[in-house]
Amino acid sequence: MAKIFNAVGRSARLIADEGIKTYLGRVFAKASVMLIPQSPAGQMLVDLGDAAELDWTLPSPQLENPIVVEEGPINIAWIMSPPGRESGGHQNLFRFIDFAEKAGHKCTVYLYTTSDFGPNLRDTKAMLDQSDAYPNVKAEIKLYDRKVGVEADTQALFATGWETAYPAYLDKTHARRFYFVQDYEPSFYELGSQAILAENTYRFGFHGITAGGWLSHKLSTEYGMTCDSFDFAVNKDNYSLTNTGRRNEVFFYARPVTARRAFELGIMALADFHKLNPDVTINLAGWDVSNWEIPFPHKNLSSLKLSELNTVYNRCAAGLVLSLTNMSLLPLELLSAGVVAVVNDGANNRMVSDNPYIDYCEPVPGALARRLSEAVNREDAPEHAKVISASVANANWEDSGVQFNEALEKAMRG
């Protein structure tokens, strides 16, 4: 019985940290065969009734003749999965809700989930208020009810993840549909029902506003989706150069529970790196890896608070950030702190940022290890750190917010 309570408690903590979307996605990926027969409507991120009802191959009355707002503020509804304390996607999403509000638009947030775990609105609001990673927004937060739908005065309706595209499509409002896309979500799953259901959402006819140019290019060329994009940026209040001396540490964004972060590849690369540089401290952060076998000495920093990251970054000469879908925000944050960002090469990363100080490298353990070693051992490392930091001095989120609002308003003005 104690084990059961411990498991339940651990699940509740993970949901609070990650958000229900990330948690259930990971659970489903590991145990879909066991879970579907037990509770077919409660394990997928999307309600199976919603998925069964939606047929994007036929005309949809609610998507015809969408609302036009010729001038003035726009009433925006955002349907999203429940946010968690450490859900980076939600934190970025709320950043853009904040930008929309500062441009004069009214926002309302609707939480959509198929889980029996929640969300608890009071706890969610308290978490958002207490977290330094979320901006303070004016938006009212509600639970989404398909029978009720969004408010009647809604003019723009945003899906924010593949599962929310289904209720956004089916809602009876004639609000103009948008899709805030932060990653290519079909790749989050093994080939199967969830991957197909996620991919189908790019054919719903929504107007995409994407994080970076790779997604915009991919969705427009492969799915015929109308897309705009905003640039990645970095908050200089959180990430800056404070250590101008030599550094003898490296950083790895270690997320063993998130397959697209290529944890095993990173560990192999760092094992090779340690053989080349046995005296360099290796920091692993992003997840508690105490239950994983790591074949080299390291510091397990687990999940750091936002206020702690810059101190850690400024101890490091290089950082390894692997992403197999859309690029992570971390490379630009590392650069701002004077850290050489070693990133796996590919269009998914290069089309997001062409910063010349991101060290793109073939995803081979030995090659990654050598790039990290070169960064740590270069003679002019302190001077190079200043150049690296200066390279992102003009990469401001406020500019990205302008790009977002311009795309939104251009589409809404007809």
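Computed from a predicted structure; not experimentally measured.
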Subject >> Point-to-point distance, once rounded to the nearest 0.5 Å, from CG of D288 to CG of N300 >> reply: 5.0 Å
**OP:** Report yes or no: is the cationic atom of R177 (NZ for Lys, CZ for Arg) closer than 6.0 Å to the six-membered ring centre of Y169, at no more than 45° off its axis?
**Re:** no
Original post:
Does NZ in K410 sit with more than 12 non-hydrogen atoms of other residues, nucleotides or ligands closer than 6.0 Å?
Top reply: no
Original post:
More than 12 heavy atoms of other residues, nucleotides or ligands under 6.0 Å from CG of D354: is that the case?
Top reply: no
Subject >> Step-by-step salt bridge (charged side-chain N to carboxylate O under 4.0 Å, His left out) determination, D145 to K147 >> reply: CA-CA 5 Å; D145 185 341; K147 296 177 182 178; over 6 Å; no
**OP:** Examine the side chains of Y179 and T201 and answer whether a donor and an acceptor come within less than 3.5 Å of each other.
**Re:** yes
**OP:** Using only heavy-atom distances, determine whether the side chains of Q62 and D171 contain a donor-acceptor pair under 3.5 Å.
**Re:** no
Original post:
Going by distance alone, is a donor N or O of one side chain under 3.5 Å from an acceptor N or O of the other, for S391 and N355?
Top reply: yes
**OP:** Might you work through the side-chain hydrogen bond (donor to acceptor under 3.5 Å, both in side chains) test for N348 and K218, ending with a clear yes or no?
**Re:** CA-CA 9 Å; N348 61 306; K218 183 175 181 67; over 6 Å; no
Subject >> Check: D98/N136 side-chain N/O donor and acceptor closer than 3.5 Å >> reply: no
Original post:
With a 4.5 Å heavy-atom cut-off, do L408 and I74 have their side chains touching?
Top reply: yes
Original post:
Using the ring of each side chain (for Trp, its six-membered ring), is F204 parallel, tilted or perpendicular to Y166, with breaks at 30° and 60°?
Top reply: perpendicular
Original post:
Can you find a heavy atom in the side chain of Y110 that is under 4.5 Å from one in the side chain of M80?
Top reply: no
Original post:
Can you check whether F158 and F404 have ring centres sitting under 6.0 Å from each other?
Top reply: yes
**OP:** Take the angle between the ring planes of H207 and F178 and call it parallel below 30°, perpendicular above 60°, tilted in between.
**Re:** tilted
**OP:** Drop me the distance from L320's CG to I267's CD1, to the nearest 0.5 angstrom.
**Re:** 9.0 Å
Subject >> Check against ring pair (Phe, Tyr, Trp, His ring centres under 6.0 Å), F96 and F230 >> reply: CA-CA 10 Å; F96 283 85; F230 57 85; 4.2 Å; yes
Subject >> Distance-only polar pair, side chains of D183 and T325, donor-acceptor under 3.5 Å >> reply: yes
Original post:
For E249 and R315, what are the C-alpha separation, side-chain angles and deciding distance, and is it a salt bridge (charged side-chain N to carboxylate O under 4.0 Å, His left out)?
Top reply: CA-CA 6 Å; E249 300 186 27; R315 298 200 309 255; 3.1 Å; yes
Original post:
For residues S323 and R260, is any side-chain donor paired with an opposing acceptor at under 3.5 Å?
Top reply: no
Original post:
When the ring planes of Y189 and W162 are compared, do they come out parallel, tilted or perpendicular, using 30° and 60° as the limits?
Top reply: perpendicular
Subject >> Lys/Arg N to Asp/Glu carboxylate O, K142 vs E151, below 4.0 Å >> reply: yes
**OP:** Determine whether the aromatic ring centres of H384 and Y357 lie less than 6.0 Å apart.
**Re:** yes
Original post:
Yes or no on side-chain hydrogen bond (donor to acceptor under 3.5 Å, both in side chains) for S81 and H90, after CA distance, side-chain angles and deciding distance?
Top reply: CA-CA 9 Å; S81 60; H90 281 94; 3.2 Å; yes
Original post:
Distance from N75 atom CG to Q155 atom CD, nearest 0.5 Å?
Top reply: 4.5 Å
Original post:
Considering all heavy atoms of both residues, which atom of P83 and which atom of L111 are nearest to each other, and what is their separation?
Top reply: CD-CD2, 4.0 Å
Original post:
Under 6.0 Å from the CD atom of E64, do we count more than 12 heavy atoms belonging to anything else shown?
Top reply: yes
Subject >> Test item: side-chain donor near acceptor, S303 and E86, under 3.5 Å >> reply: yes
Original post:
Is it true that atom CG of D129 has more than 12 heavy atoms of other residues, nucleotides or ligands lying nearer than 6.0 Å?
Top reply: yes
Subject >> Short side-chain donor-acceptor distance under 3.5 Å, H105 and E409 >> reply: yes
**OP:** Using only heavy-atom distances, determine whether the side chains of K102 and N405 contain a donor-acceptor pair under 3.5 Å.
**Re:** no
Original post:
Would you say the side chains of D55 and T57 form a donor-acceptor pair under 3.5 Å?
Top reply: yes
Original post:
Is any side-chain heavy atom of I358 less than 4.5 Å from a side-chain heavy atom of S353?
Top reply: yes
**OP:** For T281 and H298, test the side chains for any donor-to-acceptor distance below 3.5 angstrom and give the result as yes or no.
**Re:** no
**OP:** I would like to know whether R146 and E53 meet salt bridge (charged side-chain N to carboxylate O under 4.0 Å, His left out); could you show each step before the answer?
**Re:** CA-CA 12 Å; R146 267 287 312 280; E53 180 180 342; 3.3 Å; yes
Original post:
Under 3.5 Å, is there a donor-acceptor pair linking the side chains of N314 and R247?
Top reply: yes
